[in-house]
Participant: 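First the structure, which I've put down as structure tokens, then a few questions once you've had a look.
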Amino acid sequence: RIAVIPKGTTHEFWKSIHAGAVKAERELKAQGVNVSIIWKGPLKEDDREQQIQVVENFVGQRVSAIVLAPLDKRGLVAPVESAVRGKIPVIVIDSGLESKAPASYIATDNREGGRIAARELGKLLGGKGNAIMLRLQVGSASTEAREEGFLEVMKKDFPNIKLLSTDQHAGATRDTAKAVSENLLNRFGKQVNGIFTCNESGTAGMLLALRDAGLAKGKVKLVGFDSGETLNAALLAGDIQGLVVQNPMKMGYLGVKNAVAVLRGEKVEAVVDTGVGFVTKENFNSPDMADMVRPPLDKYLK
Amino acid sequence: MNDTAKRMLGKAGPFFGLILVIALFAIPGESREAFLSYHNFKIILTQTVIVAIGALGMTMIIVSGGIDLSVGSSIAFTSVVGALLVKHGWSTAPTCLATILTGGVIGLLNGTAIARLRMTPFIITLGTLGVARGSAKWLGDNQTVNYDSSPINGWMTTPDPFSYALPAGVWVAIVLAVITSLVLNNTVFGRHIFSIGSNEQTARLCGVPTQRLKIAIYALAGCFFGLAGLFQLSRLRQGDPTVAIGLELDIIASVIIGGASLNGGVGTILGSMIGALIMAVLRNGSQQMGWPTYFQEIIIGLVIIVAVFLDRLRQGKQA
Amino acid sequence: MNDTAKRMLGKAGPFFGLILVIALFAIPGESREAFLSYHNFKIILTQTVIVAIGALGMTMIIVSGGIDLSVGSSIAFTSVVGALLVKHGWSTAPTCLATILTGGVIGLLNGTAIARLRMTPFIITLGTLGVARGSAKWLGDNQTVNYDSSPINGWMTTPDPFSYALPAGVWVAIVLAVITSLVLNNTVFGRHIFSIGSNEQTARLCGVPTQRLKIAIYALAGCFFGLAGLFQLSRLRQGDPTVAIGLELDIIASVIIGGASLNGGVGTILGSMIGALIMAVLRNGSQQMGWPTYFQEIIIGLVIIVAVFLDRLRQGKQA
Amino acid sequence: MTTIAAALRLTGIKKSFGATQALRGVSLEIAPGEVHALIGENGAGKSTLMKILSGAHAADEGTMELGGAPYQPTDPHDARLKGVAMIYQELNLALHLSAQENILLGAESARGGWIDRTASRERARAALALLGHETLDLDQPAGRFSIAEQQVIEIARALLTKPQVLIMDEPTSSLTQADTERLFATIARLRAQGVSIIYISHFLEECRRIADRFTVLKDGETVGAGQMKEASLDHIVTLMTGREVKDLYPRTAHALGEPVLEVKAAVSPLRLKGASLRVRAGEIFGLAGLIGAGRTDLVRVIFALDELESGEVCIVGAPAEAATPHHRWAQGVGFLSENRKEEGLMLTQSLADNITLTKHETFGRFGWINGRRQRETAERWIGELRVKCRDGTQRVGELSGGNQQKIALARLLEHPARIFLLDEPTRGIDVGSKAQIYQLIGELAAAGKAVIVVSSYLPELLGLCDTVGVMCRGELAAVRPRPQWTEAEIMRVATGSA
Ligand SMILES: Nc1ncnc2c1ncn2[C@@H]1O[C@H](COP(=O)(O)OP(=O)(O)OP(=O)(O)O)[C@@H](O)[C@H]1O
Ligand SMILES: Nc1ncnc2c1ncn2[C@@H]1O[C@H](COP(=O)(O)OP(=O)(O)OP(=O)(O)O)[C@@H](O)[C@H]1O
Ligand SMILES: [Mg+2]
Ligand SMILES: [Mg+2]
């Protein structure tokens, strides 16, 4: 029995990870290995304390292994180390953990994702103009890495692009993101040329605000992070110019695979990068983007 | 102070806190122009609609001496229901009706449990908070519910973003506020709400049907929450089961800032609407000022206290 | 029912809801063994510590007829302060003292504003909720505060996760609960808390120094929140400005589930502790059942209502 | 005498609250147009019986008939529709609502759900006019009125609907004589219209004056009934208490000492327009006056509950430091509010906690309370004042009205004060216990304490006090030794017709 613990359960991103894990489970079963995965997120989304409780509870149940997307790089060290001490191997996916205890770390290079976003936005703007970066939430490690990657490249490679605002947070939901976006666009709408938003809900909120303010359709270039039904449609409609996408299915898949491998006593790679892509209207239908933007969720989750 | 001046101040009174907050953002130079524009007030009004409609229902509940913690979850639930109905091809009018009534049914259940089982509203609605949120995720299959398009999508924006027209949602909120205020002050139903909030025992002994009344209050407030859910749907153009988390605190705060008492018997619709606006202006203004998020939180907290304090001072009410 | 049986039930009473909840998860087959193990109860107890310590302070406040919404933010703020102190090389004892006192100072400010400005606790502490949360992020520079290591880290775990020993935090919570309960029931201070919650006017007329008393209550409760922040620090091993968001609802719910009334004058520490345990068992149990998250939310909501309802039934209290 | 058609018939009514059996099988029969007095000690079950009649409680056993048809009200609303209205003993007002709204509560004038303000105002005025209070400000929130005015509002509410049966549970407990007279006139008028009235009062002479018949309750049982004209007062008292009460106003010999309290030209922002008085140790000082004359204001000012606008209050022998209730207790001044529900009792707390609230500190060491001694003290007072209750741990809210008053009084008597301010101390207390309380007050005076008694019950003032002051429109109009006063003289000064 392998526990797979995401950060939340409602975003499409986590569904893809779930699908990947199920895919691995089915493959292994077909090979005659008896595995079953338990998919369980924290009850309150994005709540560290809750996720710690989930991990503790699984340790209490003595599952065979844990695949975890930690909400915090330090906060979950204690329960993970306690699990490993209890002879339960842990595979970390998606976000890092400051500990040597986990057997393997499988993730997107978020900082690199931020860098890609900056390069592409810089290109879209022709290296000049005004840009805004909308952060997600205080304390969210993966998005903070994206934000830092973005700022790093912007400062280094595009000195002529002026950053109008980089310290506002979109908050937890699409609605809070939309309100913040509206307020920012009211202030800077006349000057801004390009915007980077660093996760799905933030991008969705900004998209709505741009449409309402009449700034969509490329008048203001929007580069987002992660894909999803709404965002894909907006990309094809030309309201979003590009999305940095990750490969969550692969994370889930490799997470379970590696967990089984560790249980069998095999060696696994300590760090696995699942790669990022940049999807635009043009390459949307190309086959190498398929897993990233159109994960076959129905095949595994129904 | 002479009497006319006092009465004038009394009338302008509820706006006191609001004026204070607007002044706070209007004085400094840089962001002033953007903040004081007509267009920005349009944005603020639009952003207030959902909280304001929720606060209408919440005012009735709080005046009656109750509380409803499930409002955020109810909004999420009803917006998911609305999105599913649109997705299944229902036309606009039945969708709206069904969404509002869904909110009404949640309220009806809350009210029935509170009135018949005589349990504290806090516990019942805390339970409903979980149940409604869970059910919303379940209905939405843990995802946002997307649909192609619907006239509902246009209610919270104007076709031309720079026109002087206000979105339909703003008008609906204003009209409902006027009606609710009239009902609270001038109908038997309204006065009975005040009476059970002021002294439930007395109301019962005087022949006010307290149980039925409570059920009616929660059900009606539920309809308001359903309507708020509908506008939430219109704003996001998708049903989102995770929306409006923690909104109950914002809505309750609006009502309390507006002068209502959690002990019941006191409160006005005008006050609650101004309370809702104060919260919205604070958020909008401090974001436009470009303050860091943590600083916004601090300022908003302080201004809430100061605004209410000044208002109490003005009223000379020391209780 | 005969008298002795009734009295027995009365004594066992507060445990009623808890037993019910445990029974709920103990009956079905699959997860039963894991759920009913000693080790799992150790986990549950550890997970209850922070809410329980918060509930101690909150019980005093609610019994006095007040409320404190800022508890979650206070816990975050004090845990950041604690982490910074450790990082700056303070040793354990002064760090603990300073962290607890930080909570006490927040409570002192709340209490002073409530008693002297005579404003509703709801508004004041809603303001503090924002201010403390913002200040925590500011102090932590929008990040978690990390430090190398500290003895504090060990207070919420045992070296061997499967040993029968309980972590220090659990013992601290138990001892404090006993002391607080004794103080509430057997000291002048405690009885005065009940008196102002039951009828503040009367208490004032009878010479109870209501203002000073309120300040003392909030300050003391603040110390409890500071202690909870310390254990939060111990649990996360970092100061996290975003921790414990929404925890106020959990803590207040525990107290209300435990039989206290938001109108003041009623409440027991035993009840509140059991309320906190009920919440923790519900979370733990429903996770172990392997239900989907949304289903857990629904069940937890329902069970809270049912547990309180049965408890009220048992007491035959219809108010 | 046989009643032809009873307007109301109750048979074998039983009711218990948990372990307390309040009614053990009471029967009662009332004819149309009859005024029926219901008499009994505190806690005898009078209010409980009437609450069953008005639908506020449900009976455990027994049947009721109204106008020959079975009658079983589901709630007060139902009872009111069926023609039964009640004035409750405890004031029942929604304090945030205006006087007008309180009078019309549950019976609003409305068209299609919208309140008709003009009609409402007229009806409220008409009801108040019956009581001679048509000038009351209808738009003030009820909470701004004095207790006596609140009582008037409460009575007006019951007169509003035209009931078949009107129940009055101690309507005059805080009315002055003039108002009582007007109420009696109204009662006579209603009786002439064929309304049956059940009248509960601890003022037996009132009952004698207006009632046709009476029923006496004791410990939840009927112990006697008959024609009022044929029964002597002593007979009724003996039925009530089960013993003979010889002297209703026992006097303990006491001597007057040095002045301990001086009030000089006190003026308050509310009603007090000017009062000067001097009270000596061992003196029982009575304050008489009409509703709103400012008696309550005067004692509140003395106790520093309200601020003085001008003038001075001087507690002899105490430093003139900050005046707050807290300090007043420390200076040896005790105060009993006329409003026991709002300012007198903690209804959710135990008898013991209530009685010892002002001196918790003395029940133990280092802030820890010795619970046993606290309970012993409570038990002592329960015995002394004959409080009907389970024991000292019962919650005060569960007691009958008169017994609650006894608890509020017990707290004050327990406190080691030098000066006692008693605002309507015997409100709602039965005849037998009153005598006991007068005895205790006399003993206080004998021990050299000063006592100020505010009362609207003139026989009480004349029977108890050494000195009586009469207030009129906010001014202390005259202070004279008791022998110089008669009831008529007090009324003459109080109404300002001198
Ligand atoms: N809600 C209650 N809970 C428990 N006991 C009650 C309750 N109400 C009344 N009782 C008890 O019932 C008995 C009768 O009370 P009731 O109020 O009818 O007395 P009463 O005759 O009206 O006395 P009084 O003259 O003091 O008003 C008392 O012993 C009282 O303690
Ligand atoms: N609890 C209270 N708090 C504040 N003010 C009060 C309170 N009770 C009474 N008052 C005020 O005191 C004044 C009442 O006059 P007061 O009660 O002194 O008259 P009184 O002569 O005692 O007559 P009675 O008590 O019979 O009405 C009113 O203005 C009333 O508003
Ligand atoms: Mg009575
Ligand atoms: Mg008075």
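In what follows, every heavy atom counts, from backbone to side chain, and hydrogens, waters and symmetry copies are set aside. Note that this is a predicted model, so its numbers are computed, not measured. Note on naming: letters A, B, ... go to the chains in the order of the sequence lines (proteins, then strands), and numbering restarts at 1 for each one.
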Participant: Kindly compute the distance separating CD1 (B/Ile300) from CG (C/Leu129), expressed to the nearest 0.5 Å.
Facilitator: 11.5 Å
Participant: For chain C, find which of B/Ile304, B/Val306, B/Ile305 contributes the most heavy-atom pairs closer than 4.5 angstrom.
Facilitator: B/Ile305
Participant: At a 4.5 Å cut-off on heavy atoms, which part of C/Ile257 comes close to chain B: side chain, backbone, both, or neither?
Facilitator: both
Participant: Measuring from B/Ile256:CD1 to C/Leu126:CG, what's the distance to the nearest 0.5 Å?
Facilitator: 9.5 Å
Participant: Give the member of C/Ser261, C/Ala136, C/Pro241, C/Ser135 that has the highest number of heavy-atom pairs under 4.5 Å with chain B.
Facilitator: C/Ser135
Participant: At a heavy-atom separation under 4.5 Å, does C/Gln296 approach chain B through its side chain, its backbone, both, or neither?
Facilitator: neither
Participant: Measuring from atom OG1 of C/Thr128 to atom CD1 of B/Ile298, what distance do you get when rounded to the nearest 0.5 angstrom?
Facilitator: 12.0 Å
Participant: Does the side chain of C/Leu69 come within less than 4.5 Å of B/Leu249's, by heavy atoms?
Facilitator: yes
Participant: To the nearest 0.5 Å, what is the distance between CZ (C/Arg133) and OG1 (B/Thr293)?
Facilitator: 13.5 Å
Participant: Under a 4.5 Å cutoff for heavy-atom pairs, which residue among C/Pro292, C/Ala253, C/Gly301, C/Gly134 has the most contacts with chain B?
Facilitator: C/Gly134
Participant: Does any non-hydrogen side-chain atom of B/Phe309 lie less than 4.5 Å from one of C/Ile124?
Facilitator: no
Participant: If I take atom CH2 from residue C/Trp138 and atom CZ from residue B/Phe295, how far apart are they, to the nearest 0.5 angstrom?
Facilitator: 8.0 Å
